[in-house]
Amino acid sequence: MEKINLGVLVSGGGSNLQSIIDSIESGRLDAVIRVVISNVPDVRALERAKNHHIPAVVIDPENFRTREEFDREIVDVLKNHCVDLVIMAGFMRILTPVLLKAFPMKIMNIHPALLPSFQGLHVQQRAFDYGVKFSGCTVHFADEGVDTGPIIIQAVVPIYDDDTADTLQKRILKEEHRIYPQAIQFYAEGRLEIDGRKVHIKNYCTMETPCMHNPPLEKF
Ligand code: GAR
């Protein structure tokens with residue numbers, strides 16, 4: 001099977017980048033990371049790339065007059081590395097049409113909440129403060145909005161009484177590390193079909209998943 005070329009955009013720790021690297025190295029994900037781009041210097045994600053001999057570059061927004069010029073530079077680097085699919089892995093910037101048009105429906109993002117609930121920033125804390133009984137994470141295609149593009153896969157995570165925003169964040173992150181490589185593998189296998197807001201996954205087995213309740217039902 002032909003491998004797809006990934007360009008991964010990061011801004012921080014890069015644990016999602018690491019899960020993608022690990023999935024590739026263990027043979028579960030048919031992809032090659034051609035380049036990692038960070039908008040922040042000296043982040044752990046860059047170190048992770050270096051440890052695995054993946055080309056990594058810093059593109060500092062301070063060096064550009066406009067957001068479009070910054071995105072143009074990102075597009076140039078991605079194209080120079082023959083990237084097919086762009087992966088936003090904790091990339092904390094809103095994309096301009098320059099980047100979106102260069103890779104139409106070829107940019108994925110991961111968000112640490114069950115979209116469309118809790119879009120934007122600090123969402124684990126906000127879900128926790130709101131008192132929802134379930135949160136989770138979402139992989140979606142990027143579009144012009146903030147966390148609004150067509151949804152590919154979601155994981156649901158319960159929130160317990162003795163949780164803190166921090167324990168919740170860790171529980172969500174663990175699932176991010178599972179669904180992101182899966183979403184990319186679906187793409188690599190040519191199994192994602194975009195139909196307006198809906199993303200259909202070809203030939204997947206619809207296993208009956210039991211409905212979850214939190215707290216669990218007792219007599220009903
Ligand atoms: C992840 O939780 C990711 O979902 C989130 O940033 C974290 C990055 O962690 N992204 C967003 O909030 C984007 N809206 P990582 O650098 O360890 O992968």
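Read the numbers this way: they start at 1 and go in the same order the structure lists the ligands and their atoms.
Both tests pass for Lys79 against the ring of Phe103: distance under 6.0 Å to the centre and angle within 45° of the axis.
A distance of 7.5 Å separates CD1 of Ile184 from OG of Ser19, quoted to the nearest 0.5 Å. The CD atom of Gln154 sits 10.5 Å away from the CD1 atom of Ile110 when rounded to the nearest 0.5 Å.
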Sequence neighbours excluded and cut-off under 3.5 Å, please list the side-chain donor-acceptor pairs for residues 49-56, or say none.
{"from": "Asn51", "atom 1": "ND2", "to": "Glu47", "atom 2": "O", "distance (Å)": "3.4"}
{"from": "His52", "atom 1": "ND1", "to": "Glu25", "atom 2": "OE2", "distance (Å)": "2.8"}
{"from": "His52", "atom 1": "NE2", "to": "Gln18", "atom 2": "NE2", "distance (Å)": "3.3"}

Name the atoms and distances for all side-chain donor-acceptor pairs under 3.5 Å in residues 3-16, with sequence neighbours left out.
{"from": "Asn5", "atom 1": "OD1", "to": "Arg34", "atom 2": "NE", "distance (Å)": "2.9"}
{"from": "Asn5", "atom 1": "OD1", "to": "Arg34", "atom 2": "NH2", "distance (Å)": "3.2"}
{"from": "Asn5", "atom 1": "ND2", "to": "Cys82", "atom 2": "O", "distance (Å)": "3.0"}
{"from": "Ser11", "atom 1": "OG", "to": "Asn39", "atom 2": "OD1", "distance (Å)": "2.7"}
{"from": "Ser11", "atom 1": "OG", "to": "Gly90", "atom 2": "O", "distance (Å)": "3.4"}
{"from": "Ser11", "atom 1": "OG", "to": "Met92", "atom 2": "N", "distance (Å)": "2.9"}
{"from": "Ser15", "atom 1": "OG", "to": "His177", "atom 2": "NE2", "distance (Å)": "2.8"}
{"from": "Asn16", "atom 1": "ND2", "to": "Glu176", "atom 2": "OE1", "distance (Å)": "2.9"}

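Residue-level proximity to ligand 1 for Met92 is carried by the side chain, the only part with a heavy atom below 4.0 angstrom.
The minimum heavy-atom distance linking Ile152 with Ala183 is given by the pair CG2-CB, 4.0 Å.
Ranking protein heavy atoms by distance to atom 17 (O) of ligand 1, first place goes to Ser15 OG, 2.6 Å. Residue, atom and distance of the protein heavy atom nearest to atom 14 (N) of ligand 1 are His111 ND1, 3.5 Å. Ranking the protein heavy atoms by distance from atom 9 (O) of ligand 1 puts Asn16 ND2, 4.1 Å first. For atom 10 (N) of ligand 1, the closest non-hydrogen atom on the protein side is Ile110 O, 3.7 Å.
Looking at Arg126, its side chain never comes within 3.5 Å of a backbone N or O of Phe118 through a donor-acceptor pair.
Closest heavy-atom approach to atom 5 (C) of ligand 1 within the set Gly13, Cys137, Pro112: this belongs to Pro112. In the candidate list Glu176, Gln119, His177, Arg44, Glu176 is nearest to atom 4 (O) of ligand 1, counting heavy atoms. In this structure, of Gly90, Gly14, Ser11, the residue bringing a heavy atom nearest to atom 16 (O) of ligand 1 is Gly14.
For a threshold of 3.5 Å applied to N or O pairs, the pair formed by Ala89 and ligand 1 contains no separation below that value.
Of all atoms in ligand 1, numbered sequentially from 1 with element shown, those under 4.0 Å from a heavy atom of Leu173 are 2 (O).
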